[in-house]
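Accompanying notes for the structure given below.
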Number of protein chains: 2
Amino acid sequence: MEINKVTIHDIAKALNIDSSTVSRALNNSSRVTEKTKCKIVEKAQELGYQRNVVASNLRKRVTNIIGVVVPRISRHFFSSVIQGIEETAYLAGYNVLICQSLEQLEREKQIIDTLVANRVDGVLISISMETTDYSHLQQLNSSGVPLVFFDRHCNIPNTNNVLIDDFKGGFVATQHLIKSGCKNVVHFSGPQTLEIYKNRFKGYKAALKKNNLPFNEQLVVSSSLMEDDGVKNAKKLLSKNLNFDGIFSANDVAAIGAMKYFASKGIKIPEDIAIVGFSNEPISTVINPALTTIDQPGFEMGKKATGLLLEHIKKQSRSLRPQTIVMESNLIERQSSKK
Amino acid sequence: MEINKVTIHDIAKALNIDSSTVSRALNNSSRVTEKTKCKIVEKAQELGYQRNVVASNLRKRVTNIIGVVVPRISRHFFSSVIQGIEETAYLAGYNVLICQSLEQLEREKQIIDTLVANRVDGVLISISMETTDYSHLQQLNSSGVPLVFFDRHCNIPNTNNVLIDDFKGGFVATQHLIKSGCKNVVHFSGPQTLEIYKNRFKGYKAALKKNNLPFNEQLVVSSSLMEDDGVKNAKKLLSKNLNFDGIFSANDVAAIGAMKYFASKGIKIPEDIAIVGFSNEPISTVINPALTTIDQPGFEMGKKATGLLLEHIKKQSRSLRPQTIVMESNLIERQSSKK
DNA sequence: CTGTTAGCGCTTTCAT
DNA sequence: ATGAAAGCGCTAACAG
């Protein structure tokens, strides 16, 4: 900001024409002669004119900015989603304002406020784990700002969601462990306030049931999505001397902590303890190239969510119904595990 | 956008006062009675007023937005920097507009243009590997937009930079390998258009020299920062039947690819081939809990760079001289490697 | 095809 | 302490 005081009026004056013509020319309107258009563009360059989008936005009542809210930018899953979002938005001429809730409801509320104040054209959000009261989102939604939830969905009716089939993922993961010979599968769960973790848990239980294995509450350990939790959990499991031979982790971060701890104790994965869990490149495959995972397609999810949002932004009429897109997340048994 | 047409005029009208008083009250000016202030705030809430920051920005000639340009959001180092940036900016009342150049100069130029057009209050940038012509940045700088380069610095005189001591890092890493008994240390280099990779390379050569080891050009393999390059490099090294026992990687992404490939061939790290490289949590420690790395403090760098930028934004006078901050990056020999 | 005229919603002198 | 008035820089009717 500051300096660069060149406006369309300056270039209008220099050319003895009206600023509205300049505006039209610079917006490549068909209602300006090629010739004058050239003159104007030339003069603009000469004077070092740089469009003031803020003024334009105020007048046009759009911003070409979409707000993105994630719990934590540096979690790899979210940063790949953001990458997908940015690429799609960029191609459509939109910018992205990125905010993180740090899993705190209060912060999420305030973020929504400033997003509205900044008049973003739409919002993509993965809610915080504290978010059980949806009023701020409901308000946003009913105030006409296009809104798409991704990964962690929201129970408000008539909203757009882009999700992974978590029940299926949990089921398939557990099933895989059982088929590999595990009899006592531990479940690393996530915050049960969030649907996605509830559903993964349900999938786990369903798989046990299908295989006539008992559900043992002691084998379920929860975490709040920090790596340290995983370390603690692993310690607890070993110290309790529980009988377990496999882990289904709904929560990649905790799984990483646990794996590190196991490694430091000389416990081999998957030979001693088999682990299958939701995961994201590159952590999962890297921690153990032979690891089997349920892959979460973050990049694709970002692209899809943004595509959906842009559709809603463009036809701001109510003609578009809200929809829920469920993406596939496949069990990946790495090649290298054949070794 | 749309709907919510409540403006300060509406609430002024409802209260039979002037909109300027409303504006003052809402900005908590001391020149309004407590009493009327209360009335106004109350009415605002009642009508569901939501400040239009776009209009405010136009008038005030600031945006409270800082632009961030990184090569690729999903690279862990950059996502941790961004996390630091966002947290610092948030606390100071700023939002962040995040853009990725995808290592392309053309894209970087266009991003700078839209950032200027959007009148961001300042810019944080890590230049693309194609950026050898700095004219667009020079222009930005001289047009008075506060600018801070981080990680990958820029050769324009009189600019702000927040960097890591790359020469030292390269030196220390190579030294460590040599001390561990390596006689033939390979160097995975990065694009030599970037200072940081040049400096790491220099550090490598300096360490060889200091230890009276010959420099062998054949042992230097370059990459363009993609994981696939690492796989290719590893293959090439093995197929050439070169005699090498250690790798200093200036480039974590390529190192990961290589490590995966080595793992698939049953080659053990660090027993068969020792690797030390610039890295970022969690990849490095996870790929091999015993791995020794040169840690890059992304989060701290983000905080520091943003702090510096904010200083320059606040005193927009020329009173502040540009400065270069060099951060420490330490060699981390993991505990678990003692096992 | 181009000019005239009003604003978008807010802030900020300058009066009172 | 409040009001009146003038824009920030741009766009969009409406004329001509």
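We name chains A, B, ... by the order of the sequence lines, and we start the count at 1 in each one.
- Proximity of A/Ser56 to the phosphate of D/dT11: a side-chain N or O atom is located under 4.0 Å from OP1 or OP2.
- The nearest pair of heavy atoms linking B/Gly122 to B/Leu309 is C-CD2, 4.0 Å.
- Rounded to an integer number of Å, the gap from A/Ile8 CD1 to D/dT11 P is 6 Å.
- For the pair B/Asn16 CG and D/dA4 P, the computed distance is 11 Å after rounding to whole Å.
- At whole-Å resolution of the value, NZ in B/Lys39 and P in D/dA1 are 15 Å apart.
- Nearest nucleotide to the side chain of B/Arg59, out of C/dC8, C/dT2, C/dT11: C/dT11.
- Across C/dC10, C/dT2, C/dT11, the shortest atom-to-atom separation from the side chain of B/Ala55 is found for C/dC10.
- Listed nucleotides C/dT11, D/dC10, C/dT2 differ in distance to B/Lys60; the shortest reach to its side chain belongs to C/dT11.
- Between the side chain of B/Arg61 and the base of D/dG9, no donor-acceptor pair of N or O atoms lies under 3.5 Å.
- Among the protein residues, B/Arg24 comes within range of the nucleic acid bases, having at least one heavy atom under 4.0 Å from a base atom.
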- [ ] Let me see the working for B/Ile127 and B/Glu108 under side-chain contact (heavy atoms from CB on, under 4.5 Å), right down to the final yes or no.
- [x] CA-CA 8 Å; B/Ile127 60 176; B/Glu108 187 174 284; 4.0 Å; yes

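- Between C/dG9, D/dC14, C/dT12, one nucleotide has an atom nearer to the side chain of B/Asn52 than all others, and that is C/dG9.
- At a threshold of 4.0 Å, the pair B/Glu87-A/Arg107 does not count as salt-bridged, since none of the basic side-chain nitrogens sits closer than that to a carboxylate oxygen.
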TODO: Evaluate the criterion side-chain contact (heavy atoms from CB on, under 4.5 Å) for residue pair B/Leu115 and B/Cys99; output intermediate values, then yes/no.
DONE: CA-CA 9 Å; B/Leu115 252 27; B/Cys99 312; 4.1 Å; yes

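- A straight line from CG of A/Leu58 to C1' of D/dT11 spans 10 Å, rounded to a whole angstrom.
- Salt bridge status for A/Glu42 with A/Lys39: absent, with no side-chain N to carboxylate O gap under 4.0 Å.
- Put simply, CG on A/Leu15 is 11 Å from P on C/dT2, counting in whole angstrom units.
- Phosphate contact (OP1/OP2 of C/dC10, side-chain N/O of B/Ser23, threshold under 4.0 Å): absent.
- In the set D/dC8, C/dT11, D/dC10, the nucleotide with an atom closest to the side chain of A/Tyr49 is D/dC10.
- Atom pair B/Asn118:CG and D/dG9:C1' shows a separation of 14 Å (rounding to whole Å applied).
- Nearer the 5' end of DNA chain C, as judged by each residue's closest nucleotide, is the contact made by A/Arg31, out of B/His9 and A/Arg31.
- Closest to the side chain of B/Thr7, from the set C/dT11, C/dC10, D/dA13, is C/dC10.
- Donor-acceptor pairing under 3.5 Å, judged by distance alone, is absent between the side chain of A/Arg119 and the base of C/dG9.
- Taking side-chain N and O atoms only, A/Asn57 has no distance below 4.0 Å to OP1 or OP2 of C/dC8.
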- [ ] List the steps, then state whether side-chain contact (heavy atoms from CB on, under 4.5 Å) holds for A/Asn57 with A/Arg119.
- [x] CA-CA 9 Å; A/Asn57 286 345; A/Arg119 298 295 191 267; over 6 Å; no

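- Here D/dA13 presents its C1' atom at 16 Å from CG of A/Asn27, a figure rounded to the nearest Å.
- Whole-Å rounding puts the B/Ile40 CD1 to C/dC10 P distance at 13 Å.
- Checking C/dT2, D/dC10, C/dT13 against the side-chain heavy atoms of A/Thr33 singles out C/dT2 as nearest.
- For the pair B/Ser20 and C/dT11, the criterion of a side-chain N or O lying under 4.0 Å from OP1 or OP2 is not met.
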